Amino acid sequence: MLKNILSPSWRRGAYALHEGNRGGAIHTCWSRFHSGQMLSSSRSFFGVEDFVDEDNSRPYTYKKEKRSKNPHKHISFKQRTIAYMEPFTLDVFISKRFVSASLTHRTTCRQVAVAGTNSKDIKAALKSRSDIPACLAVGRFLAERAKEADVYTCTFTPRERDKFEGKIRAVVQSLIDNGINVKLYLD
């Protein structure tokens with residue numbers, strides 16, 4: 001199919017170039033490819049039908065993204081830039097058996113530092129893996145690993161079902177005590 005699309009424009013461009021008209025050759029190739037219309041068949045290379053955009057500028061083969069129900073909804077400057085201004089977030093998970101916490105970069109979604117009571121270095125030093133001293137140890141190890149990765153600030157927003165008290169507060173307080181600046185967003 002690619003051969004069917006390319007060969008007519010290539011022949012016309014080569015013919016124009018053979019006659020000595022370089023500008024005509026470039027214009028011929030460009031106008032065939034960028035006219036915004038389907039060139040040879042109703043099927044694209046991927047097997048999906050080509051559609052023409054609303055402004056008839058170019059064909060596309062992907063589904064359009066869903067439009068917002070409110071097209072006039074305003075997105076504030078803070079909503080657009082907060083992921084770049086405060087790039088690291090703290091995530092704390094506490095279950096009946098273990099505690100884990102991680103620092104994640106918002107824009108790249110990569111975990112910068114991770115600590116949990118299931119890891120070998122913390123597990124050996126603890127009596128229980130889910131009590132307050134275990135939470136303090138997780139915070140201390142996470143702070144050390146974050147400093148190794150040159151991360152000194154992060155933000156923390158508790159999940160809807162979590163309250164900022166007890167074990168979660170112990171992890172955050174341990175991070176703050178060990179030199180990591182944590183900005184809390186409590187509703």
Side-chain angles (χ1 to χ4, degrees), residues 44-48 51 53-55 57-187:
S44 74
F45 179 75
F46 300 105
V48 180
F51 298 98
D53 228 351
E54 285 141 359
D55 60 351
S57 63
R58 64 189 190 281
Y60 69 97
T61 56
Y62 303 105
K63 280 187 173 181
K64 287 189 176 182
E65 62 187 41
K66 259 188 171 176
R67 293 187 183 217
S68 173
K69 291 182 181 179
N70 184 1
H72 304 292
K73 183 177 180 183
H74 176 73
I75 299 173
S76 69
F77 180 77
K78 183 177 180 182
Q79 289 172 331
R80 285 182 274 146
T81 59
I82 194 161
Y84 300 99
M85 298 298 201
E86 299 169 350
F88 297 102
T89 60
L90 172 67
D91 183 36
V92 180
F93 179 75
I94 297 175
S95 72
K96 292 180 181 177
R97 295 183 180 213
F98 66 94
V99 176
S100 67
S102 65
L103 284 174
T104 307
H105 194 270
R106 277 188 189 179
T107 54
T108 60
C109 298
R110 293 186 185 239
Q111 288 185 339
V112 177
V114 179
T117 55
N118 282 344
S119 62
K120 292 179 182 177
D121 52 350
I122 301 176
K123 189 190 308 187
L126 298 173
K127 291 182 182 178
S128 172
R129 289 191 244 171
S130 62
D131 57 352
I132 298 288
C135 294
L136 294 172
V138 166
R140 186 175 67 247
F141 277 103
L142 186 64
E144 290 172 6
R145 292 174 183 168
K147 287 178 184 176
E148 289 173 5
D150 286 336
V151 176
Y152 296 98
T153 61
C154 67
T155 60
F156 177 67
T157 306
R159 296 182 180 106
E160 290 179 8
R161 65 181 182 271
D162 293 341
K163 295 179 182 174
F164 187 68
E165 58 187 32
K167 295 177 183 178
I168 294 177
R169 187 179 182 111
V171 172
V172 173
Q173 189 62 43
S174 178
L175 273 171
I176 293 170
D177 293 343
N178 287 299
I180 303 296
N181 184 16
V182 179
K183 187 173 183 180
L184 296 170
Y185 288 104
L186 302 175
D187 293 332

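The structure displayed is predicted, hence computed values, not measured ones.
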Once side chain to side chain donor-acceptor pair (under 3.5 Å) is applied, what residue pairs with a partner in residues 159-169 remain, sequence neighbours excluded?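 Counting only pairs at least two positions apart or across chains, the side chain to side chain donor-acceptor pair (under 3.5 Å) contacts touching residues 159-169 are D91-R159.
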For [X] and [Y], which heavy atoms make the closest approach, and how far apart are they?
X: A170; Y: L136; result: O-CD2, 3.6 Å
X: A134; Y: S128; result: CB-O, 3.6 Å
X: I122; Y: T117; result: CG2-CA, 4.2 Å
X: A115; Y: L142; result: CB-N, 3.8 Å
X: T107; Y: A83; result: CG2-O, 3.9 Å
X: F98; Y: S130; result: N-CB, 4.2 Å

Which value, rounded to the nearest 0.5 Å, describes the distance between [X] atom [atom1] and [Y] atom [atom2]?
X: L90; Y: K183; atom1: CG; atom2: NZ; result: 15.0 Å
X: I180; Y: E144; atom1: CD1; atom2: CD; result: 10.0 Å
X: I168; Y: F93; atom1: CD1; atom2: CZ; result: 10.5 Å

Evaluate side chain to side chain contact (heavy atoms under 4.5 Å, CB included) for L103 paired with R145, printing each intermediate quantity in order. CA-CA 10 Å; L103 284 174; R145 292 174 183 168; over 6 Å; no
Are there over 12 heavy-atom neighbours, none belonging to [X], within less than 6.0 Å of that residue's [atom1]?
X: L186; atom1: CG; answer: yes
X: Y84; atom1: OH; answer: no
X: R80; atom1: CZ; answer: yes
X: K123; atom1: NZ; answer: yes

Do the side chain of S174 and the main chain of V171 share a donor and acceptor less than 3.5 angstrom apart?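 Such a contact is absent between S174 side chain and V171 backbone.
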Just by distance, do the side chain of K147 and the backbone of N178 share a donor-acceptor pair under 3.5 Å?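 Checked: pair present.
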Is there side-chain contact between [X] and [Y], with heavy atoms separated by less than 4.5 Å?
X: R129; Y: R97; answer: no
X: S100; Y: N118; answer: no
X: I82; Y: R106; answer: yes

Distance-only polar pair, side chains of H74 and S76, donor-acceptor under 3.5 Å: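 No, no side-chain donor-acceptor pair sits under 3.5 Å.
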For the residue pair F164 and F156, categorise the inter-ring angle as parallel (less than 30°), tilted (30 to 60°) or perpendicular (more than 60°).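 Plane angle between 30° and 60°, so tilted.
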